[in-house]
Amino acid sequence: MRSTPFPRSGEPISKLGFGTMGFAGWFGGHEESDWIDSLLYALDRGVSFIDTARAYGNSERIVGKALRQWSGQRPYVATKIESLAGPRGWGTPVAPEDAYPPGHVRAGALRSLTELALDHIDLVQLHIWWPTWGVTGYWMDELRQLKEDGLVRHIGVSIPDHRCDMALPLVESGLIDSVQSIINIFDPLALDNLLPACQRHDVAVVARCVLDEGGLAGTLTEGTAFDEDDYRHRYFDDIVPRSVYLKKVDALRQYVPAYAGSLAALALKFVIQSPGVTTAISSMHVRAYCEQNIAALEEPALPAEVFDRLRFKHRFIKNFNETKIFAE
């Protein structure tokens, strides 16, 4: 398993991170024991970064249960403080008081510690952050106090939607250790501005949505249907017609198998290879997903000209998070 140093501590972090959003059941139901088996398999294969969140149902409890069964070196555990702002907070700015009322950040971190059964958390992030909040405030004070109290080692934010440049002022403030952002072949804009800024300020970059919620996995068809409680319900249909999305996906098939074993491997390799990405998280609640993702990292790197072609010739910028604004 390839790794890279976490900027502020120097400890090695696996380039592939285990995303636990699937533990909430939002991508279909599975047995809890299967989820634990998948996480333990990933740890055994060298994955050393786990990304979870207070908002992901029982995810933190399941991660804690799996870690108690793990006898190897403790992985790097990151979680996120749940926003109380509702769906609108994912697509348009909300007041910090609506997302994180005073005291909520600390209370959320303490609950996460209990659920994870850990004495400290390696990285605590705000699940959403908007530049309208500025770079200081009671919410930042609460995050920094968690560090001073030894309850967390690093603090950061997760950018709520595709507008990665909104985090630049916070990155340049030097107050955070990590930023999580959408990065994939269709939306590589973070490579243009966010990642260079993070490199200058020793801020880690956690890439998410590397497979665009599964759209870049190559399995989506016109007839693929998602249950109403599935996270992807309406995701591929409300902003653009699905036929348009699938045409963009089909344009990537020219690179398979010459440069990647599958479309999913191509998408993951692109993000992993992006300079400045500390780790790329992918939902691996199904063991088969673990096996496929780990196998992708064992493939040769993309040639520089192919990487550049993917970065600049296949951009498909849209904001699917807008579907969440009217989810209620």
Side-chain angles (χ1 to χ4, degrees), residues 1-4 6-7 11-24 26-27 35 38-39 41-43 45-57 59-60 62-63 66-67 75-81 112 116 121-128 154 156-162 164 167 177-188 190-191 194-195 198 203-217 231-232 264-265 267-274 276-287 289-297 321:
M1 176 60 61
R2 284 183 279 166
S3 64
T4 191
F6 191 89
E11 63 195 291
I13 300 295
S14 60
K15 294 290 289 187
L16 174 64
F18 191 103
T20 66
M21 189 173 172
F23 287 3
W26 296 342
F27 297 134
W35 290 337
S38 183
L39 178 51
Y41 173 82
L43 293 174
R45 294 298 304 273
V47 173
S48 63
F49 186 96
I50 302 173
D51 179 81
T52 185
R54 183 87 293 282
Y56 295 168
S59 172
E60 291 179 326
I62 296 170
V63 169
L67 291 179
Y76 191 100
V77 178
T79 192
K80 310 179 200 75
I81 306 296
S112 292
L116 291 164
I121 300 171
D122 297 297
L123 172 62
V124 164
Q125 309 152 91
L126 298 185
H127 213 146
I128 66 170
H154 301 112
V157 300
S158 182
I159 304 172
D161 67 11
H162 294 257
C164 59
D177 307 303
S178 176
V179 62
Q180 186 169 139
S181 176
I182 293 172
I183 304 176
N184 57 53
I185 291 175
F186 285 163
D187 189 349
L191 278 63
L194 179 64
L195 269 63
C198 288
V203 173
V205 174
V206 179
R208 78 172 193 275
C209 298
V210 298
L211 299 182
D212 203 15
E213 306 297 5
L216 287 169
Y231 179 80
R232 297 159 294 182
L268 182 58
K269 288 168 63 175
F270 172 80
V271 177
I272 293 293
Q273 196 166 321
S274 301
V277 169
T278 306
T279 188
I281 55 175
S282 178
S283 292
M284 295 194 285
H285 55 291
V286 176
R287 179 162 171 168
Y289 298 168
C290 288
E291 295 170 347
Q292 294 164 9
N293 289 342
I294 292 171
L297 266 68
N321 279 36

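We count residues from 1, following the sequence as given.
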What is the distance from atom [atom1] of [X] to atom [atom2] of [Y], rounded to the nearest 0.5 Å?
{"X": "Ile13", "Y": "Ser48", "atom1": "CD1", "atom2": "OG", "answer": "5.0 Å"}
{"X": "Thr79", "Y": "Glu60", "atom1": "OG1", "atom2": "CD", "answer": "3.5 Å"}
{"X": "Ile272", "Y": "Arg2", "atom1": "CD1", "atom2": "CZ", "answer": "6.5 Å"}
{"X": "Glu213", "Y": "Arg208", "atom1": "CD", "atom2": "CZ", "answer": "8.5 Å"}
{"X": "Cys209", "Y": "Gln180", "atom1": "SG", "atom2": "CD", "answer": "8.5 Å"}
{"X": "Leu39", "Y": "Thr52", "atom1": "CG", "atom2": "OG1", "answer": "10.0 Å"}

Could you tell me whether a side-chain N or O of [X] sits under 3.5 Å from a main-chain N or O of [Y], the two making a donor and an acceptor?
{"X": "Gln125", "Y": "Ala78", "value": "no"}
{"X": "Ser3", "Y": "Ser14", "value": "no"}
{"X": "Asp177", "Y": "Gly156", "value": "no"}
{"X": "Ser274", "Y": "Phe270", "value": "yes"}
{"X": "Asn184", "Y": "Asp187", "value": "yes"}
{"X": "Tyr56", "Y": "Gly22", "value": "no"}

So, for [X] and [Y], which heavy atoms are closest and what is the spacing to 0.1 Å?
{"X": "Leu268", "Y": "Ala296", "answer": "CD2-CB, 4.1 Å"}
{"X": "Leu16", "Y": "Asn293", "answer": "CD2-CB, 3.8 Å"}
{"X": "Ala42", "Y": "Ile294", "answer": "CA-CD1, 4.5 Å"}
{"X": "Ala264", "Y": "Leu211", "answer": "O-CD2, 3.6 Å"}
{"X": "Ile185", "Y": "Pro188", "answer": "O-CD, 3.6 Å"}
{"X": "Met284", "Y": "Tyr289", "answer": "CA-CB, 4.1 Å"}

Review point. Any salt bridge between Asp51 and Lys80, counting N to O under 4.0 Å?
Key: yes
Check your understanding: Knowing that exactly one of Ser38, Ser59, Ser283 qualifies, which makes a side-chain hydrogen bond (donor to acceptor under 3.5 Å, both in side chains) with Thr20?
Key -> Ser59
Exercise for review: Under the side-chain contact (heavy atoms from CB on, under 4.5 Å) rule, what do Ile50 and Ile281 come out as? Steps first, then yes or no, please.
Suggested key: CA-CA 8 Å; Ile50 302 173; Ile281 55 175; over 6 Å; no
Check your understanding: Step by step, would you call Phe6 with Tyr76 a ring pair (Phe, Tyr, Trp, His ring centres under 6.0 Å)?
Key -> CA-CA 10 Å; Phe6 191 89; Tyr76 191 100; 5.1 Å; yes
Point to revise | Ser181 vs His162, side-chain contact (heavy atoms from CB on, under 4.5 Å): CA-CA, chis, key distance, verdict | key: CA-CA 8 Å; Ser181 176; His162 294 257; over 6 Å; no
Could you tell me whether the side chain of [Y] reaches within less than 4.5 Å of the side chain of [X], counting heavy atoms only?
{"X": "Ile182", "Y": "Ile159", "result": "no"}
{"X": "Tyr41", "Y": "Glu291", "result": "yes"}
{"X": "Ser112", "Y": "Ile121", "result": "yes"}
{"X": "Pro75", "Y": "Val47", "result": "no"}

Review point. Should the ring pair His285 and Trp35 be called parallel, tilted or perpendicular, given that the plane angle runs from 0 to 90° and is split at 30 and 60?
Key: perpendicular
Practice item. Decide yes or no on side-chain contact (heavy atoms from CB on, under 4.5 Å) for Cys198 and Val179, but give the supporting numbers first. Key: CA-CA 8 Å; Cys198 288; Val179 62; 3.5 Å; yes
Review point. Stepwise, does the side-chain contact (heavy atoms from CB on, under 4.5 Å) test hold for Val206 with Thr278?
Key: CA-CA 6 Å; Val206 179; Thr278 306; 5.6 Å; no
